[in-house]
Protein chains: 2
Amino acid sequence: MKLPSSTEWVLHCATTLAQLEPGATASTAQLAEYFDLPAPYLAKQLKYLVRAGVLTATTGPRGGFRLARPAAEITLLQIVEAVDGASSPYECREIRQQGRGALPPEDCRNTCLLAARMNEAHEAWRGTLAAQTLAGVLADLPPSAPDHTRRVIAAITPARRG
Amino acid sequence: MKLPSSTEWVLHCATTLAQLEPGATASTAQLAEYFDLPAPYLAKQLKYLVRAGVLTATTGPRGGFRLARPAAEITLLQIVEAVDGASSPYECREIRQQGRGALPPEDCRNTCLLAARMNEAHEAWRGTLAAQTLAGVLADLPPSAPDHTRRVIAAITPARRG
């Protein structure tokens with residue numbers, strides 16, 4: 001059970017964008033160079049964040065990405081599920097209904113007891129990440145972090161924006 | 001982020017073994033036929049449960065598997081982690097230390113703030129499953145379930161035991 005490396009990318013990119021001046025943007029090229037990530041694949045992930053309403057993409061010569069909402073209103077769960085989906089890692093294939101021990105369909109109208117417990121665990125995972133916002137992450141960064149982040153982003157040519 | 005189908009297998013097999021008479025066993029062949037699963041691959045998963053101390057394997061003509069401990073002392077977490085491991089699905093590859101925005105090593109002595117939050121979510125997931133025992137699952141089964149389970153297991157030839 002592994003999340004892809006792009007989960008780390010989007011969490012860090014969103015945290016970086018949350019540190020920019022209000023209204024400022026960063027392009028895919030800037031974020032890719034900031035973290036030394038492959039720009040084409042990162043671009044795809046950032047599009048997922050736009051689709052989920054986490055980021056806004058602006059076009060034009062000064063275009064790029066910025067948070068679509070205040071950092072206090074963006075949860076880590078929204079970021080993670082934008083790229084990884086919301087389904088439970090446990091997939092119930094209803095083996096209770098197959099083989100010699102198969103239960104009759106009328107005994108399987110409710111969710112399998114084991115699947116229900118696995119889903120409950122997934123909801124606990126989701127609940128933890130839903131309770132964490134980008135603003136909370138920023139509050140735990142060193143006070144010097146936003147200045148450093150802004151300076152580094154500004155020093156990177158924003159070529160191939162968007 | 002997906003768990004393999006074998007996670008469902010081991011949860012159901014452990015639940016089945018928990019319903020047998022005290023001391024009774026079921027073989028790989030019986031459990032495979034009970035759920036219509038591929039016996040060789042199931043055998044491998046059951047070995048992981050033995051290694052983790054969830055099941056005991058007995059040899060000989062009446063050999064097979066039984067719970068290694070009372071059902072009240074076996075958690076769903078122990079079963080799941082026996083086959084899937086205990087590591088967090090989030091893998092921090094320390095991208096905070098790479099690229100133009102790389103933080104100096106002295107700023108990275110502590111776990112990344114984002115990885116810490118992802119690990120916290122994983123601990124919530126683990127905590128939920130650690131609080132669920134096989135005895136708890138059994139308590140939620142229909143009262144007729146153990147009799148049915150025992151009858152079906154007994155009707156399957158225990159060939160290729162172990």
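To find a chain, count down the sequence lines: A is the first, B the second, and so on, and within it residues start at 1. When reading the values below, keep in mind they use all heavy atoms of this one structure, side chains included, and skip hydrogens, waters and symmetry mates. Nothing here was measured: the structure is a model prediction, and the numbers come from that model.
- Of the two parts of B:Asp84, neither the backbone nor the side chain holds a non-hydrogen atom closer than 4.5 Å to a non-hydrogen atom of chain A.
- In this structure, CG on A:Leu37 lies 11.0 Å from CZ on B:Arg93, to the nearest 0.5 angstrom.
- Interface residue A:Ala155: backbone and side-chain heavy atoms are both found under 4.5 Å from chain B.
- Considering only heavy atoms from C-beta on, B:Cys112 comes within 4.5 Å of A:His12 through its side chain.
- For B:Gln132, the part lying near chain A is the side chain, with the backbone staying farther off; criterion is any non-hydrogen pair under 4.5 Å.
- More than 12 non-hydrogen atoms from other residues, nucleotides or ligands lie less than 6.0 angstrom from CG of A:Asp140.
- Top candidate by heavy-atom pairs under 4.5 Å with chain B, chosen from A:Thr149, A:Thr128, A:Asp36, A:Ile95, is A:Ile95.
- Per-residue counts of heavy-atom pairs under 4.5 Å with chain A were compared for B:Ser87, B:Gly99, B:Ser5, B:Ala124; the largest is that of B:Gly99.
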For this session: Start with the C-alpha gap between A:Thr15 and B:Arg96, add the side-chain angles, then the distance that decides, and say whether side chain to side chain contact (heavy atoms under 4.5 Å, CB included) holds.
Result: CA-CA 11 Å; A:Thr15 303; B:Arg96 63 178 173 166; over 6 Å; no
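- Rounded to the nearest 0.5 Å, atoms CZ (A:Arg117) and OG1 (B:Thr133) are 8.0 Å apart.
- Annotation: side chain of B:Tyr90 is in contact with side chain of A:Leu11 (closest heavy-atom distance under 4.5 Å).
- Looking at heavy atoms from C-beta onward, B:Met118 lies in side-chain contact with A:Leu129 at the 4.5 angstrom threshold.
- Proximity of B:Glu91 to A:Pro4: side-chain heavy atoms (C-beta onward) are nowhere separated by under 4.5 Å.
- Atom CZ of A:Arg100 sits about 13.0 Å away from atom CG of B:Leu31, to the nearest 0.5 Å.
- Counting heavy-atom pairs closer than 4.5 Å to chain B, the top-ranked of the candidates A:Ile156, A:Val152, A:Leu114 is A:Leu114.
- We find the CG-NE2 distance between B:Leu103 and A:His148 to be 6.0 Å, quoted to the nearest 0.5 Å.
- Looking at B:Trp125 and A:Glu120, their side chains never come closer than 4.5 Å, going by heavy atoms from C-beta outward.
- Formation of a donor-acceptor pair under 3.5 Å by the B:Glu8 side chain with backbone atoms of A:Cys92 is not found in this model.
- In this structure, CG in A:Leu3 is found 11.0 Å from NZ in B:Lys2, a value given to the nearest 0.5 Å.
- Heavy atoms of A:Leu141 lying under 4.5 Å from chain B belong to its backbone as well as its side chain.
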